[in-house]
2 protein chains.
Amino acid sequence: MAEDLFKALADPTRRRILDELVERDGQTLFEICGRLVTKYGLGLSRQAISQHLAVLEGAGLVVSRREGRYKFHELNTEPLERIVTRWLRPDAQGETGADSSDWRVR
Amino acid sequence: MAEDLFKALADPTRRRILDELVERDGQTLFEICGRLVTKYGLGLSRQAISQHLAVLEGAGLVVSRREGRYKFHELNTEPLERIVTRWLRPDAQGETGADSSDWRVR
DNA sequence: TTGATAGGCAAGTGGTGACTTGCCTATGGT
DNA sequence: ACCATAGGCAAGTCACCACTTGCCTATCAA
């Protein structure tokens with residue numbers, strides 16, 4: 001749902017992870033950790049990145065595939081298309097761009 | 001900058017406000033309050049909506065124009081285009097889609 | 001089978017953000 | 001001049017989220 005998508009995009013570290021996956025798809029957790037450190041000098045723990053990946057996966061932006069002791073993470077840009085059809089081109093996708101399920105009771 | 005944009009989109013109430021402005025552009029604060037109440041049964045205070053509008057304006061998603069005692073709010077979808085060029089079509093906009101300024105030191 | 005690598009689970013902490021409350025300013029009608 | 005309307009400012013509360021720490025599981029190589 002939309003809530004998960006935008007929450008996932010709200011964190012700059014998660015956006016960087018998406019950038020990394022655009023540049024090189026199918027990386028493991030440790031690869032991503034290493035890249036964030038060397039490219040941006042990020043001193044985040046492995047668990048921090050792992051939790052970020054879980055959030056991205058929950059939003060459908062990342063799909064993971066396990067092979068032996070490795071877990072490869074792949075980008076999925078399909079959820080991002082919904083942002084476009086909601087506000088940029090609301091006439092596409094059969095009229096409504098607003099997702100009626102995008103709501104939470106407080 | 002990107003940080004403000006995604007933070008602005010992270011809240012469901014703010015996304016609803018954008019939906020309202022897509023449907024009818026140039027509304028005042030009280031008009032938006034009324035619409036959110038009648039259409040979604042939202043019991044938010046005027047100040048809450050006012051603060052949301054300030055965040056949206058800080059992100060460049062809303063532009064306001066004052067006329068007498070009225071302040072009209074208009075939608076600006078230009079910042080949303082950058083989301084598309086960053087991950088969906090990174091080859092547009094002269095190569096890089098990643099905004100190097102999208103980073104905060106912790 | 002031991003050790004190293006790749007990853008997961010769970011509880012705790014600090015900071016940030018959404019919302020409220022109370023009071024203040026400004027414009028316009030009568 | 002008065003009052004109602006439209007909006008702003010500032011402080012306080014509360015819940016959530018990012019991150020850490022500590023420990024545990026699984027796969028592979030020697």
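None of the values given here were measured: they were computed from a predicted structure. Every heavy atom of this structure was used, including side-chain atoms; hydrogens, water molecules and symmetry mates were not. Residue numbers start from 1 in every chain, and the chains themselves are labelled A, B, ... in the order their sequence lines are given, proteins ahead of strands.
Under the rule for a salt bridge (Lys or Arg N to Asp or Glu O under 4.0 Å), Arg14(A) has no partner lying at least two apart in sequence or in another chain. Remark: Phe72(B) pairs with Thr28(B), Arg65(B), Glu67(B), Tyr70(B) by the side chain to side chain contact (heavy atoms under 4.5 Å, CB included) rule, at least two apart or across chains. Gln51(B) is linked by a side chain to side chain donor-acceptor pair (under 3.5 Å) to nothing, counting only residues two or more places apart in sequence or in another chain.
Every pair tested for ring pair (Phe, Tyr, Trp, His ring centres under 6.0 Å) that includes a residue from residues 11-38 of chain A fails, sequence neighbours excluded, so the list is empty. Screening residues 5-26 of chain A for ring pair (Phe, Tyr, Trp, His ring centres under 6.0 Å), with sequence neighbours left out, gives Phe6(A)-Trp87(A).
Between Lys71(A) and dT27(D) there is no side-chain N or O to OP1 or OP2 distance below 4.0 Å. Proximity of Ser50(A) to the phosphate of dG8(C): a side-chain N or O atom is located under 4.0 Å from OP1 or OP2. Contact check, His52(B) against dC19(C): a side-chain N or O comes under 4.0 Å of OP1 or OP2. Taking 4.0 angstrom as the limit, Lys7(A) places none of its side-chain polar atoms (N or O) nearer than this to OP1 or OP2 of dC16(D).
Distance alone, capped at 3.5 Å, is enough to place a donor-acceptor pair between the Thr38(A) side chain and the Gly34(A) backbone.
When rounded to the nearest whole Å, the span between CG of Leu53(A) and P of dC17(D) equals 18 Å. Atoms CZ (Arg16(A)) and C1' (dA18(D)) sit 18 Å apart, rounded to a whole Å. Across the protein-nucleic acid pair, Leu29(A) atom CG and dC9(C) atom C1' stand 14 Å apart, rounded to whole Å. Regarding Asp11(A), its CG atom lies at a distance of 13 Å from the C1' atom of dG15(C), rounded to whole Å. We find that CD of Gln27(A) is positioned 14 Å from P of dA6(C), with the value rounded to whole Å. Between Leu9(A) atom CG and dC17(D) atom P the separation is 15 Å, expressed in whole Å. The separation between Leu56(B) atom CG and dG17(C) atom C1' is 14 Å, rounded to whole Å. To the nearest angstrom, P of dG8(D) lies 13 Å from CD1 of Ile49(B).
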* Structure fact -> In B/S/- notation (B base, S sugar-phosphate only, - none; protein heavy atoms under 4.0 Å), nucleotides 20-30 of chain C written 5' to 3' is BBB----BS--

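Under the side-chain hydrogen bond (donor to acceptor under 3.5 Å, both in side chains) test applied with Ser64(B), the options Glu74(B), His73(B), Glu57(B) reduce to a single match, Glu57(B).
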